[in-house]
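What follows is a single structure, written as structure tokens, with notes after it.
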Amino acid sequence: MKYVSTRGASPAISFEDVLISGPAPDGGLYVPESWPTFDLARIRNKPGATYADLAAAVVALFAGSPEWYRDIDKHAHEAYAKWDDKRVAPLVPFGEHRWLLELFHGPTLAFKDFALQLLAPLMNEALKRRNQRALVLAATSGDTGAAAVAALANQPNIDLVVLHPKGRISDVQRRQMTTTTASNIRNVAIEGTFDDAQSLVKQVFADQAFARDHRLAAINSINWVRIAAQAAYYISTSIALDKKALTFAVPTGNFGDVFAGYVAKQLGAPIRRLIVATNANDILARAITTGNYARGQVHATMSPAMDIQVASNFERLLYESSGRDAAQIKRQMESFAATGTLKLAPDALAKIQTLFAADRVDEAETAATIRLMHRDARLLVDPHTAVALTATRKAAPDEDTVVLATAHPAKFPDAVEKAAGVKPELPERLRWILTAPERYDTLPNDLAALKHHLAAKR
Ligand SMILES: *Cc1c(COP(=O)(O)O)cnc(C)c1O
């Protein structure tokens, strides 16, 4: 399988390259040059097939070469064996035609484990084959950092440096990262906001000589393998529920998770609609309802993993809905970078609206949903999940609808307690982090200081 850039001005690359690449050199994102097809019926009828079997089959479609299949299968089985719930992605009914898809039973209690636990060893494998070592650099507002630390810990060919904004993430989120004992991981508290940390990361990557000399790599959600791994739970759900058509409601930030739903549909999953649920950071809700993709101010909410204004993966949907017109996407994205706005072509918007619905949910509605779910269904849900639950009002009452529960409520204990009056407990196996020693460095919000730090300790 070859991968092409959404902006069409970079050469096609292989699956192995995609494993360790960030954006394409032309600024676009890599997408598979064609959609593979998936024999849903064959998997459905395979007795005893596990979640790991299914995930390996889905990701292997995108490798497209038998030499990768064994590694993918092995690492998928090792990864999903770490989940607390043997079903890996269990479905919990909570009303007529409604299910929660619980994606928080992995090592760090958020859905990002699904992709990162598989991507990390595959990335290591790709580096090993080339006899290379990479330095992964990431900034986190919480969940990504914890999932990256857990996934990359002790990978022999990878070092990880994670930046978090000092004093601005929850104690649980920080301790999930800083209590690691893995010697290939370094945590850095930046004296600034998440945007400051993110901007430092972008500036380090933009220094091409530095990036090359230190073999910088990224693991953010533009990595295709993350999307492919996430498509698997849309397919496992379709198989488990066996409905003619399903709607999924997805708490959305960078558009990676909901785009994985689009991919599952291309592979043959019977998906009728995808509901894009955003918090007050509603650039996607506005784009999908009006056709105007326009950057706004970032607002801090109780669902911080979705406090994003520019949703990188939306470019992949624009590419698809333009009929894969890379020249048009290049023009549109360059003008978006310059002006902060982009107007969708009418036929692209019409295509998007046949599959996607979108809704913006405010803080009061999110809190009310957390309270009502606890009162009426005895379910404690985290604020991200609550945003998607609220947005399911866009689905008809008799439309079979699955709401993605993307984080465990105990990752956001204060917001959940405030709304529901009950404090969610951290699972037993994670409680040690609350008292374990922490290890991190503190740096000023300064590019030279960060580069010095990255170069020094390798
Ligand atoms: C990352 C994250 C999201 C948003 O997912 P995207 O793929 O960025 O749209 C939603 N909920 C939680 C808990 C997350 O960590």
Side-chain angles (χ1 to χ4, degrees), residues 29 100-117 119 138-151 164 169-170 172-173 176-177 194 198 218-231 233-234 248-264 274-285 287-288 298 301-317 356 358-361 366 370 381-391 403-413 415-416 424:
L29 303 186
L100 270 185
L101 176 61
E102 292 187 348
L103 300 174
F104 53 70
H105 297 288
T108 72
L109 310 179
F111 85 94
K112 292 189 171 74
D113 290 326
F114 274 83
L116 286 169
Q117 285 287 329
L119 172 61
T140 187
S141 57
D143 291 339
T144 303
V149 166
H164 69 265
I169 63 176
S170 77
V172 172
Q173 288 179 318
Q176 280 189 308
M177 302 188 284
F194 169 67
Q198 176 85 338
I219 41 147
N220 49 17
S221 74
I222 60 168
N223 189 301
W224 181 261
V225 182
R226 284 186 64 172
I227 308 273
Q230 290 167 204
Y233 46 71
Y234 289 90
F248 286 87
V250 186
T252 296
N254 212 11
F255 205 74
D257 205 9
V258 72
F259 191 73
Y262 174 89
V263 172
L274 294 165
I275 298 173
V276 177
T278 74
N279 61 26
N281 298 286
D282 61 349
I283 179 171
L284 286 167
I288 290 168
V298 178
T301 71
M302 63 177 126
S303 46
M306 296 157 32
D307 291 349
I308 284 175
Q309 272 298 333
V310 177
S312 316
N313 277 292
F314 194 55
E315 180 167 346
R316 288 186 161 121
L317 183 66
F356 290 88
D359 202 5
R360 166 201 205 272
V361 175
T366 305
I370 294 174
V381 295
D382 99 289
H384 303 79
T385 306
V387 167
L389 277 163
T390 311
V403 179
L404 270 56
T406 48
H408 192 289
K411 288 198 91 164
F412 304 93
V416 173

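Just follow the structure's listing: the first ligand is 1, and inside any ligand the first atom is 1.
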Checklist entry - Can you pull the residues with any heavy atom under 4.0 Å from ligand 1? => result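 Heavy-atom contacts below 4.0 Å: F111, K112, D143, P251, T252, G253, N254, F255, G256, D257, A305, M306, H384, T406, A407.
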For residues N313 and R316, is any side-chain donor paired with an opposing acceptor at under 3.5 Å?
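Note: N313 and R316 side chains meet the donor-acceptor criterion.
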Open item on the list: Consider side chain to side chain contact (heavy atoms under 4.5 Å, CB included). Of T385, L389, V381, which one does I370 pass it with?
Closed with: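 Only match with I370 under side chain to side chain contact (heavy atoms under 4.5 Å, CB included): V381.
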What salt bridge (Lys or Arg N to Asp or Glu O under 4.0 Å) pairs are there with at least one residue in residues 250-259, not counting sequence neighbours?
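Not a single pair qualifies under salt bridge (Lys or Arg N to Asp or Glu O under 4.0 Å).
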Mind checking salt bridge (Lys or Arg N to Asp or Glu O under 4.0 Å) for D307 and listing every partner two or more places apart, or none if nothing turns up?
->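 Salt bridge (Lys or Arg N to Asp or Glu O under 4.0 Å) check on D307 returns nothing, list empty.
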- Would you please name every residue forming a salt bridge (Lys or Arg N to Asp or Glu O under 4.0 Å) with D359, sequence neighbours left out?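 Partners of D359 by the salt bridge (Lys or Arg N to Asp or Glu O under 4.0 Å) criterion, ordered by chain and then number, come out as R393, K394.
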### Query
Would you call K411 and D382 a salt bridge, using N to O less than 4.0 angstrom?
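Not counted as a salt bridge, because no side-chain N and carboxylate O are separated by less than 4.0 Å.
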